[in-house]
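I have placed the structure first, in the form of structure tokens, so that the comments after it can refer back to it.
Everything quoted here is computed from the prediction, not taken from an experiment. The residues of the chain are indexed from 1 along the displayed sequence.
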Amino acid sequence: MSSMESLAQLEVLCEKLYNSRDSAERAHAESTLKCFSENSDYISQCQYILDNASTPYALMLASTSLVKQVSDRSLSLQLRLDIRNYVMNYLAARGPKLQNFVTISLIQLACRITKFGWFDDDRFREIFKEATDFLALASQDHYLIGLKILNFLVMEMNQANSAMPLTLHRKIATSFKDQFLLQIFQISLTSLHQLKSEVPDELRRVPISLALRCLSFDFVGSPVDESSEEFGTVQLPASWRPLLQDPSTVQIFFDYYKVNDTSVSKEALECLVRLASVRRSLFVEDPARSQFLSHLMSGTREILQTGQGLADHGNYHEFCRLLGRFKVNYQLSELLNVEFYGEWLGLVAEFTTKSLLSWQWASNSVYYLLSLWSRLVTSVPYLKGDTPSLLDETVPKITEGFITSRINSVQASFADNSPDPDNPLENAESLQDQLESLPYLCRFKYESCSLFIINIMEPLLQAYTARSRLPASGDAAELSVIEGQIAWMVHIIAAILKIRQTVGCSQDSQELFDAELAARVLQLINITDTGVHAQRYQEISKQRLDRAILIFVQNFRRSYVGDQAMHASKLYARLSELLGLTDHLVLLNVIVGKIATNLKCYAECEDVIDHTLSLFLELASGYMTGKLLLKLESTKFIIANHSRENFPFLEEYRCVRSRTNFYYILGCLVFMEDGPVKFRSFMEPLLQVAVNLEASADAAFRTDVVKYAFTGLMRDLRGIAMATNSRRTYGLLFDWLYPSRMPLLLRAISLLTDEPEVTTPLLKFMSEFVLNKAQRLTFDSSSPNGILLFREISKLIVAYGSRILLLPNGTNIYRSKYKGIWISLTVLSRALCGNYVNFGVFELYGDRALADALDISLKMTLSIPLSDILTFKKLSKAYYGYMEVLFNNHITINSVLNLDTSTFVHIVTSLESGLKGLDTGISTQVSHYESLYHLEMFL
């Protein structure tokens, strides 16, 4: 070791590397020792350390360094074989005396070498035999090492490695699975049977972990999303059939569940979850499948009867997952045929009810139980025979238990009126999980369920109405609880109305029950914005309630408003009786009224504004509902009065992104009707803003008031530009903007180049404005508008590019420079390939617009290091998109060869990086550059 005087010095460094709390000391040790993992000349020295070092940290360094070395597959075959043989002999001789983390690292090294050499030499495959030799030794420590070798071998073979192509990984994994995986699973089962008696917990954990790894293997080459707990059917090969038909296979895992060590019992349940998910076709005959199902149900029945182990949260969660798998993989008729089905179903129902009462502890697990029940009830219509399913008695109780638990959860823990990310009412994903199965349960016995919901809802509505008449100084905590409880009920009703199915009663009956539930929420809409409630828009509980109402309206609209209204005569008849809402037009007026109220009153709550605009957009986007909206006075008011005075959220910085969506929706509505007069009237408030800005002095552009007014105008215009989808509508906006408003844009980008909060909205507006989607930029053959538009684009790009290049790099270079540059490149790329400009005209008449735009854009790309282009995804996409347009349409082979050397090298190197990059979209894009082929042929 040239840089060290002794092994003792290295051991001190290793101690610092793994144990020091001083980051500088650790960094120095890492820098000094990295040569062991990067230079193959140090492999022999790693062996020397393993042979002679006395501290486990030095051994760990040698082992991990060798793992990194062998992951680089450039080592010679003989050297890899030598390392492999050395490690296996080392484990046999010294393994029992090593620290556990060193042993595991050496086992990982042996398994990594084995995988990377799998097809290089059959001797690598001898690791299986050598591991079984460890099991045959009398020493308990050697037995444990043998199981660990198999454990990590299965894990290594199942796990893709970045240093290995995915296709090769799958070939190796398939070969390993076919040759050894069943034998390894058999070894795990044998070990489990042998170790059932009194042995240390460590010995039990390894074989159960090995069995779990075998059952979790990727049998068909389609890996599961690691972030998800869900997986599909376990596709065990047919050769595993005898093992699974043996009753002792399932029983051993139920036996191990009873072990006091919770890590063992949890993994035993995980194994059972996978066994319950085995593909149905593995069992050729029905009796074998029925026997297997009966064994699983018998084991879960015993756990339900005794409750053993369920006090541990990990066990509880896995057990819920196990119950949830029964209906995923088996039909209701098969469950009914099990002798003790009735007893089992009763125990599961009792367990579910108790779980619902313990909602705080079991909130993440109840999902699987509700999923089981929803799948059971949706199977009832397909059930043949006279055997009762017993669901009629159990499901209503579970449904009522769930609803009651949600109401009680508000009273118990959410009485405070403050943001809480764990509260499902503020977490859309959690809320979706909890309510996903509920509609199927509710509609199973819809009459009784709807009556139960109404009986809860009515007192809450009465209390909420009464509170609206009381002074605001009343009990705020009590009012927050009421709003929270109503919010849950609205979410529940919204979930029910989202799903329309006719299980248990007729379509007409379902419509009547839907009307009863919907009427309560529609009645609520009038209450929320009256009396004292109209003063509580800043309260968290009020915001939760209004979000719930918006979700209800969205779901109700999809089912019963617009095109669907003609099929819902019974519903509207009942709504007319209850609330006087005679048809969907009257109902739509109520909905738009609520939208307008939210947009007026929620100036500082971005979330409610976004939900409201999402609903508004959904209404405006529908062909029929869009036309109906234009007939409503509330819609006409919004279109005619879209100023900041009427909608204060337009002035709020936190809602600044919502402006674009707001004006996109208004643009869609305005453009539904032909009429330049209506358009000009609609644009009047924006025109006034533009005129005021044009009258401002240059110095005033630096003030916050002017900057905010200008960026707001750009965001508004971008929304309107997004709504122009035809030649006619685009022409209206173009005539409004050109030529009178364009000098304002040029002036702003020239004065405020160093203000990305101004330039970004401006450039994004231009990016949308120049995009020729749906052939909207189609001017008359005699019109010069295409050329005039490009000249304005050129002025903006040149003004921005010539100034941004002179600015120093800030601390956040992406925000201050790169973002503006990539949007500029996008603007130019869209203009160059928009097919609305004859670019030959510029050269013919000596106009520099095209040449200057290309020149400054090329300079902007050259100012960015290649590493940064590849690092920032949006920048990378814009850069290669620009290069594609440039090479295919605007740069000849001669002009490329006439570039100076550094520019030429930069471009060619960037194209090479694009071809070699991991982003297939970019590599495909680069490979299509026509000029690249010509350049390759020339060189």
Practice task
Under the side-chain contact (heavy atoms from CB on, under 4.5 Å) rule, what do Phe326 and Val348 come out as? Steps first, then yes or no, please.
Solution key: CA-CA 12 Å; Phe326 276 99; Val348 175; over 6 Å; no
Handout entry: Test side-chain contact (heavy atoms from CB on, under 4.5 Å) applied to Val521 and Met489, step by step
Key = CA-CA 9 Å; Val521 185; Met489 296 307 298; over 6 Å; no
Practice task
Determine the interplanar angle of the Phe513 and Tyr446 rings, folded into 0 to 90°, and report it as parallel if under 30°, tilted if 30 to 60°, perpendicular if over 60°.
Solution key: perpendicular
Distance-only polar pair, side chains of [X] and [Y], donor-acceptor under 3.5 Å:
{"X": "Tyr316", "Y": "Asn364", "result": "no"}
{"X": "Ser379", "Y": "Arg375", "result": "no"}
{"X": "Trp373", "Y": "Ser437", "result": "no"}
{"X": "Glu483", "Y": "Tyr464", "result": "yes"}
{"X": "Arg406", "Y": "Gln485", "result": "no"}
{"X": "Asn661", "Y": "Ser658", "result": "no"}
{"X": "Asp607", "Y": "Tyr602", "result": "no"}
{"X": "Glu539", "Y": "Ser541", "result": "no"}

Ignoring hydrogens, what is the shortest heavy-atom contact between [X] and [Y]? Give both atom names and the distance.
{"X": "Thr625", "Y": "Glu618", "value": "OG1-O, 4.3 Å"}
{"X": "Thr635", "Y": "Val592", "value": "OG1-CG1, 3.6 Å"}
{"X": "Ala276", "Y": "Leu322", "value": "CB-CD1, 3.9 Å"}
{"X": "Lys445", "Y": "Pro396", "value": "CG-CG, 3.8 Å"}
{"X": "Tyr257", "Y": "Ser265", "value": "O-CB, 3.2 Å"}
{"X": "Ser409", "Y": "Trp488", "value": "OG-NE1, 3.8 Å"}

How about [X]: does its [atom1] atom have over 12 heavy atoms from other parts shown lying under 6.0 Å from it?
{"X": "Gln305", "atom1": "CD", "value": "yes"}
{"X": "Asn455", "atom1": "CG", "value": "yes"}
{"X": "Lys631", "atom1": "NZ", "value": "no"}

Judged by atom type as modelled, is there a donor-acceptor pair below 3.5 Å linking the side chain of [X] to the main-chain atoms of [Y]?
{"X": "Asp610", "Y": "Leu613", "result": "no"}
{"X": "Thr399", "Y": "Val395", "result": "yes"}
{"X": "Asn315", "Y": "Gly309", "result": "yes"}
{"X": "Ser576", "Y": "Thr582", "result": "no"}
{"X": "Asn641", "Y": "Phe637", "result": "yes"}
{"X": "Ser358", "Y": "Ser355", "result": "no"}
{"X": "Ser559", "Y": "Phe556", "result": "no"}
{"X": "Gln543", "Y": "Tyr537", "result": "yes"}
{"X": "Asn555", "Y": "Ala494", "result": "yes"}
{"X": "Glu606", "Y": "Cys655", "result": "no"}

Practice task
Would you please indicate if the ring centroids of His317 and Tyr368 are separated by under 6.0 Å?
Solution key: yes
Handout entry: Close aromatic pair by centroid cut-off 6.0 Å: Phe616 and Phe662
Key = no
Exercise for the section: Give the C-alpha distance, both sets of side-chain angles, the deciding distance and a yes or no for side-chain hydrogen bond (donor to acceptor under 3.5 Å, both in side chains) between Asn408 and Ser405. Expected result: CA-CA 5 Å; Asn408 293 341; Ser405 73; over 6 Å; no
Separation of [Y] [atom2] from [X] [atom1] (nearest 0.5 Å):
{"X": "Thr404", "Y": "Leu356", "atom1": "OG1", "atom2": "CG", "value": "9.0 Å"}
{"X": "Ile493", "Y": "Leu517", "atom1": "CD1", "atom2": "CG", "value": "5.0 Å"}
{"X": "Ser277", "Y": "Arg325", "atom1": "OG", "atom2": "CZ", "value": "3.5 Å"}
{"X": "Glu267", "Y": "Leu272", "atom1": "CD", "atom2": "CG", "value": "12.0 Å"}
{"X": "Leu304", "Y": "Leu323", "atom1": "CG", "atom2": "CG", "value": "6.0 Å"}
{"X": "Glu350", "Y": "Thr394", "atom1": "CD", "atom2": "OG1", "value": "12.5 Å"}

Minimum side-chain heavy-atom gap [X]-[Y] below 4.5 Å:
{"X": "Ile453", "Y": "Glu516", "value": "no"}
{"X": "Leu383", "Y": "Ser389", "value": "yes"}
{"X": "Leu335", "Y": "Leu345", "value": "no"}
{"X": "Leu628", "Y": "His584", "value": "yes"}
{"X": "Leu296", "Y": "Thr300", "value": "no"}

So, are [X] and [Y] salt-bridged, with charged N and O less than 4.0 Å apart?
{"X": "Arg301", "Y": "Glu343", "result": "yes"}
{"X": "Arg467", "Y": "Glu478", "result": "yes"}
{"X": "Asp529", "Y": "Lys542", "result": "yes"}
{"X": "Arg574", "Y": "Glu577", "result": "yes"}

Practice task
Quick one: do Leu615 and Thr612 satisfy side-chain contact (heavy atoms from CB on, under 4.5 Å)? Show the steps, please.
Solution key: CA-CA 5 Å; Leu615 171 61; Thr612 303; 5.9 Å; no
Side chain to side chain contact (heavy atoms under 4.5 Å, CB included) partners of [X], counting only residues at least two apart:
{"X": "Thr660", "answer": "Arg715, Arg718, Met722"}
{"X": "Glu393", "answer": "Leu390"}
{"X": "Glu604", "answer": "Gln538, Glu652, Arg654"}

Practice task
Kindly indicate, with the supporting measurements, whether the criterion ring-ring contact (aromatic ring centres under 6.0 Å, His included) is fulfilled by Tyr663 and His642.
Solution key: CA-CA 9 Å; Tyr663 276 94; His642 52 89; 5.3 Å; yes
Practice task
Quick one: do Asp392 and Phe444 satisfy side-chain contact (heavy atoms from CB on, under 4.5 Å)? Show the steps, please.
Solution key: CA-CA 8 Å; Asp392 292 358; Phe444 180 63; 3.3 Å; yes
Problem - side-chain contact (heavy atoms from CB on, under 4.5 Å), paired with Leu629, selected from Ile595, Leu588, Leu585 - result: Leu588
